[in-house]
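In what follows, a single structure is set out as C-alpha cells and then discussed.
Reminder, nothing fancy here: chain letters follow the sequence lines and each chain counts from 1.
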2 protein chains.
Amino acid sequence: MPTPHYGQPRYRVIADELRRRITNAVIPPGSLLPTESALTAEFRASRGTIRQAIALLRDERLVATEHGRGTYANPDHSHKDSPEEGPQVERRQRQVLADPELAALFAVEVGTTLVEQQDVTRINGAVRAVARVYRLQRASQ
Amino acid sequence: MPTPHYGQPRYRVIADELRRRITNAVIPPGSLLPTESALTAEFRASRGTIRQAIALLRDERLVATEHGRGTYANPDHSHKDSPEEGPQVERRQRQVLADPELAALFAVEVGTTLVEQQDVTRINGAVRAVARVYRLQRASQ
DNA sequence: AGAAATTTGTCCGTATGTATC
DNA sequence: AGATACATACGGACAAATTTC
C-alpha cells in the first residue's frame, strides 16, 4: 500500500486511539504501553509513525517514556477523580525586590520594590507554563 | 553509512548551531531559515535529522514553520512600518536552569533546563512591564 | 488561469547505538 | 552475556500548501 493520508494523518489517529485507551483506563495508570514493535504490528504502521504518535502523548504529559524500559501511562497520578480538561490558571501577586537585571530594565535602584504577578497554567494537573510579570509599584499620588 | 551518535545527538548539535545564529541575528528576526534541503546539504545530515532539530526550536517558540513556505526565525514582528506610539515589545528567549521554586512547580529536578521567554514592554521608551514565561524544554523525539 | 517548481508534511523500511533487565 | 526496548539516523517516496512562471 502506498502512503495515502487523507484527512487525519496516521500518527494522529493512532495517538487518538491510544489516548482513548489511557483515559478510559483500558491501559491503567502507571502501566506500560505495548512496546513500539507491538504497536507497529497492531496498527500496521512503521515504527517512525508509532513514535510520532507516542511523542504527541508525551507532549501532553499523558505518558512518560524511559530509555530501555518502555512507555508508562499517566505518570502523574493526581487522580482526584476530577475530570478536568481545559487549562487552569492560578494567579498570585506579591512584592519582590528588584535584582540587578530588573533594576536596570526599569531604571531604578537595586532593591526597589516591584510587583510580581505570577500565573501558573496547568493542564490535567501538570504545570505547563509559569508566567511572571513585573511592574513598578504604582506611586500613590 | 553507520550511525554513531557519541555524546550529543546530531539533531541537538544542529539545533544548537541554528539557535546561536538566530539569537546572534546571523539569521535576522522574521527572516526565513535556509530550506530543509539546504540545511541537509550544509550539515550533511538527513532531512529527518534536520527536521528534528527544527522541531526543537519550534518548541522553544524560537521559530515558526508554515507549510509550503518555510520556517521563520523569531516570529515576533512587533515593529511595523507605522511609527506608532503604542507599546513596543522586545522578545527574547534563553535557556535557564530551574531554581528550587520553578523545579517544584514543574516537578523536575533543580537544575533542569527550562526555556525562558522574556517580553519587555516599553511605552515611550520607558519599561512598563517585564514578563517572563517558563516552559519545560522538550526532552526527546 | 494553469502548469511547474519549491518547500514542508507524512510515511515507510532499515540499520545501528544505548540503556535496562 | 543475551534479550528486550527505546533513541538516533539514513534514504526514498508521495501528499499538500505555496510560490513562480
Rest of the hydrophobic cluster containing [X] (Ile/Leu/Val/Met/Phe/Trp/Tyr, side-chain heavy atoms under 4.5 Å)?
X        : answer
B/Leu97  : none
A/Val108 : A/Val96, A/Leu102, A/Leu105, A/Phe106, A/Leu114, A/Tyr134, A/Leu136, B/Val120, B/Val127, B/Val130
B/Val110 : none
B/Val13  : none

Taking D/dA9, C/dT8, C/dT10 as options, the one with an atom nearest any side-chain atom of A/Pro9 is C/dT10
Difference in axis direction between the ends of the helix from C/dG2-D/dC21 to C/dC21-D/dG2, five pairs, 10°:
10°
Quick one: is C/dT8 close enough that its OP1 or OP2 comes under 4.0 Å of any side-chain N or O from B/Arg51?
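So the side chain of B/Arg51 is outside the cut-off, no N or O lying under 4.0 Å from OP1 or OP2 of C/dT8.
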Is any side-chain N or O of B/Tyr11 closer than 4.0 Å to OP1 or OP2 of D/dT8?
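Affirmative; the distance criterion is met.
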Taking [atom1] from [X] and [atom2] from [N], how many angstroms apart are they, rounded to a whole number?
X       : N      : atom1 : atom2 : value
B/Ile54 : C/dT10 : CD1   : P     : 14 Å
A/Leu39 : D/dA5  : CG    : P     : 11 Å
A/Glu66 : D/dA5  : CD    : P     : 15 Å
B/Gln52 : D/dT8  : CD    : C1'   : 7 Å
A/Glu36 : C/dA19 : CD    : P     : 16 Å
B/Gln8  : D/dA7  : CD    : C1'   : 14 Å
A/Arg10 : C/dC11 : CZ    : P     : 7 Å
A/Leu32 : C/dC21 : CG    : P     : 11 Å

Output the distance between atom OH (B/Tyr72) and atom CG (B/Leu32), rounded to the nearest 0.5 Å.
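Taking OH in B/Tyr72 and CG in B/Leu32, the distance rounds to 4.5 Å.
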B/His67 (side chain) and D/dA16 (base): donor-acceptor pair under 3.5 Å:
yes
Interface with DNA chain D, restricted to residues 42-50 of chain B and to heavy atoms under 4.0 Å
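The stretch gives B/Arg44, B/Ala45, B/Ser46, B/Arg47, B/Thr49 as the residues lying under 4.0 Å from the strand, ordered by number.
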Please output the side-chain donor-acceptor pairs of residues 23-31 of chain B that fall under 3.5 Å, not counting sequence neighbours, one pair per line with the distance.
from, atom 1, to, atom 2, distance (Å)
B/Thr23, OG1, B/Arg19, O, 3.0
B/Thr23, OG1, B/Arg20, O, 3.1
B/Ser31, OG, B/Pro28, O, 2.6

Could you tell me if A/Ser37 and A/Arg47 have a donor-acceptor pair between their side chains, going purely by distance under 3.5 Å?
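Checked: A/Arg47/A/Ser37 side chains show no N/O donor-acceptor pair below 3.5 Å.
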Salt bridge (charged side-chain N to carboxylate O under 4.0 Å, His left out) contacts touching residues 122-131 of chain B (sequence neighbours left out):
B/Glu90-B/Arg122
Checking B/Gln118 now: which residues fulfil side-chain hydrogen bond (donor to acceptor under 3.5 Å, both in side chains) with it, not counting sequence neighbours?
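Listed in chain order: B/Arg92, B/Arg132.
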